[in-house]
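Just so you know, ligand 1 is whichever comes first in the structure, and atom 1 is the first atom listed for that ligand. For the single chain, residues carry numbers from 1 onward in sequence order.
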Amino acid sequence: MDTSAFRAWVHESARLITAEAEELTRLDAAIGDGDHGINLRRGFQAADEMLDKAEAETPGAVLQTVGRALISKTGGASGPLYGTAFRQAGKSLADATEVDVARLGSSLEAAFNGIQQLGAAHEGDKTMLDALGPAVTAYQVAAEGGADLVGATRAAAEAAERGLQETVPMLARKGRASYLGERTIGHQDPGAASTVLILRALATVAAGEAT
Ligand code: ADP
Ligand code: MG
């Protein structure tokens with residue numbers, strides 16, 4: 001993937017998040033304060049606009065610009081968490097101008113580690129990590145098995161989707177949802193749902209299908 005593919009990923013993420021903002025907000029209304037869709041739509045639209053103006057000339061610079069935009073514009077717990085994820089992913093790409101399957105895998109892992117370090121959550125706590133963790137693993141298994149970018153990103157998106165479903169019976173232990181305790185059982189985690197969208201956007205762009 002080159003710089004323009006990374007720009008397309010951000011654009012497709014913003015498009016999907018905008019289309020699904022009401023659904024994300026509905027999920028957050030059930031176990032949080034009902035702002036996740038609004039927060040992320042604002043953040044990703046700002047990131048997309050910032051990229052239109054910015055001279056981000058490498059994939060790493062694109063992701064770091066997105067990270068900065070998300071940190072300053074998103075709000076909520078998810079803003080700094082996703083912002084850090086994109087910044088760490090961008091940093092891990094250094095000055096590469098073309099990102100191959102192995103390198104994209106390391107950057108997804110860097111994103112996961114960034115979220116974990118900042119938010120101190122673990123898989124099973126009912127957060128975005130319950131979608132991203134299985135996605136990173138599935139990506140790496142696919143890549144080690146010889147998958148190309150299309151196959152590995154598709155495996156990641158599918159694993160994130162399964163991870164999202166697995167958040168339903170979980171009890172939230174982090175963020176606002178944790179205040180509701182047992183009442184969070186039976187609902188999808190909104191952050192895991194938005195992670196699915198971002199990874200679906202990546203798979204779509206990798207497959208060359210982005211609109
Ligand atoms: P807020 O909870 O501040 O209203 P959002 O509604 O935008 O922020 O985001 C909520 C989502 O953030 C949750 O569904 C969860 O996935 C994620 N989240 C919250 N706290 C953490 C954490 N400590 N680590 C990882 N993800 C978290
Ligand atoms: Mg919220």
**Prompt:** Would you say Leu202 and Met1 make side-chain contact, with heavy atoms under 4.5 Å?
**Reply:** yes
**Request:** Report the residues that fulfil side chain to side chain donor-acceptor pair (under 3.5 Å) with Ser13, sequence neighbours left out, ordered by chain and then residue number.
**Result:** Trp9
**Item:** For the Mg ion (ligand 2), the closest N/O/S atom belonging to Asp33
**Value:** OD1
**Asked** Taking atom CG of Leu93 and atom OG1 of Thr58, what is their separation to the nearest 0.5 Å?
**Response** 8.0 Å
**Prompt:** Where the Mg ion (ligand 2) is the corner point, what angle links OD2 of Asp28 with OD1 of Asp35, to 10°?
**Reply:** 80°
**Asked** Got a salt bridge between Arg200 and Glu161, using NZ or NE/NH1/NH2 to carboxylate O under 4.0 Å?
**Response** yes
Tabulated below should be the N or O atoms of ligand 1 paired with protein N or O atoms at under 3.5 Å; can you produce that?
residue, atom, partner, partner atom, Å
ligand 1, 3 (O), Ala77, N, 2.8
ligand 1, 4 (O), Asp33, OD1, 2.9
ligand 1, 4 (O), Asp33, OD2, 3.1
ligand 1, 4 (O), Asp35, OD1, 3.0
ligand 1, 4 (O), Asp35, OD2, 3.4
ligand 1, 4 (O), Arg176, NE, 3.3
ligand 1, 6 (O), Asp28, OD2, 3.0
ligand 1, 6 (O), Asp35, OD1, 3.0
ligand 1, 7 (O), His36, ND1, 2.9
ligand 1, 7 (O), Asn39, ND2, 2.9
ligand 1, 7 (O), Ser78, OG, 2.6
ligand 1, 8 (O), Ala77, N, 3.0
ligand 1, 9 (O), His36, ND1, 3.2
ligand 1, 14 (O), Asp189, OD1, 2.6
ligand 1, 14 (O), Asp189, OD2, 3.3
ligand 1, 14 (O), Gly191, N, 3.0
ligand 1, 16 (O), Met128, N, 3.0
ligand 1, 16 (O), Asp189, OD1, 3.4
ligand 1, 16 (O), Asp189, OD2, 2.6
ligand 1, 23 (N), Gly119, O, 2.9

**Asked** Is the side chain of Lys126 donor-acceptor paired with the backbone N or O of Leu171 at a distance under 3.5 Å, no angle test?
**Response** no
**Request:** In plain terms, say whether Asp125 and Lys174 are close enough for a salt bridge, that is, a side-chain N and a carboxylate O under 4.0 Å apart.
**Result:** no
**Asked** Below 4.5 Å, heavy atoms only, C-beta onward: do His36 and Leu27 meet side chain to side chain?
**Response** no
